[in-house]
Structure formats: C-alpha cells, structure tokens
Amino acid sequence: MMSKNVVAQSPLPRNSVASLDQKLAMAKRCSHEGVVAGAKAAALATIATAIPTLASARMLPWARANLNHTAQALIISTVAGAAYFIVADKTVLATARKNSFRNPSSNREA
C-alpha cells in the first residue's frame with residue numbers, strides 16, 4: 001500500500017487575488033515601517049554627527065585647515081545615509097521574519 005502525502009493548505013488558494021492582495025499589503029506595511037525607522041535613525045545620526053564635526057572644524061587647528069564646508073557636509077550626510085539604509089534594512093527584514101513566523105502556511109511550496 002502506498003501512502004499519500006497530505007499537505008496542509010491555507011484557507012485561501014495560493015495564487016488567489018485575495019492572497020496576493022494580502023501579501024502586497026504586508027509588503028507595503030513592512031517597507032513603510034522600514035522607511036519610518038530609517039528616517040528616525042538618519043535624523044538622530046545627523047544630529048549626533050553634526051555637533052562634533054562642526055565643533056571640531058572650529059576648534060581643532062587640523063580640522064579648521066583641512067575640513068571645508070563641503071567636507072563637513074559630506075561627513076554628516078554619509079553617516080546619515082548609512083544609518084538610514086542600515087536601520088531600514090534591519091527593520092524590513094525583522095518585520096518580514098516576524099510575519100513569516102506568524103503565518104508559516106503561506107510560505108510553503110505547493
């Protein structure tokens with residue numbers, strides 16, 4: 001006798017319109033959370049970088065001689081951009097991971 005493999009299925013068909021709409025809404029929510037968290041991190045990183053950069057460019061002789069306004073802006077914007085992308089990426093991945101554990105049946109191959 002051969003046994004048949006039985007796969008538990010989601011109440012919604014895998015490729016139905018409702019299922020795809022639900023996945024799209026989840027993806028939009030994950031990316032929006034990432035954007036918001038990244039923007040907050042970028043704002044904080046801008047403040048945390050601008051204060052010592054601008055202070056050192058006025059107080060330290062080497063920095064005063066070598067860091068013009070363009071260099072100062074480049075330092076600050078590079079840190080802000082890096083903070084944005086790092087935090088946004090981590091937030092999107094964490095949200096997607098949390099959602100995949102919450103609804104594991106939608107991740108199985110048919």
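Numbering starts at 1 and runs along the sequence shown. Heavy atoms only: backbone and side chains are in, while hydrogens, waters and symmetry mates are out. Please read these numbers as outputs of a predicted model, since none were measured by experiment.
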Which distance, rounded to the nearest 0.5 Å, do you find between the SG of C30 and the CZ of R97?
11.5 Å
Of the non-hydrogen atoms in A80 and A42, which two are nearest, and what is the gap between them?
O-CB, 3.6 Å
Sub-3.5 Å donor-acceptor pair from the side chain of N66 to the main-chain atoms of W62, do we have one?
yes
Rounded to the nearest 0.5 Å, what's the gap from CD1 on I47 to CD1 on I76? Could you check?
11.0 Å
Gap between atom CD of Q72 and atom OG1 of T49 - 0.5 Å precision:
12.5 Å
Identify the heavy atoms of A41 and V87 that sit nearest to each other, and give their distance.
CB-CG2, 3.5 Å
Beyond-backbone contact of I75 with L67, side-chain heavy atoms, under 4.5 angstrom:
yes
To the nearest 0.5 Å, how far apart are CD1 in I51 and OG1 in T46?
11.0 Å
What one should report as the nearest heavy-atom pair of A63 and S56 is CB-O, 3.3 Å
Output for pair (M59 CE, L54 CG), nearest 0.5 Å, gives 10.5 Å
Value rounded to 0.5 Å, distance of CG in L24 from CZ in R29
12.5 Å
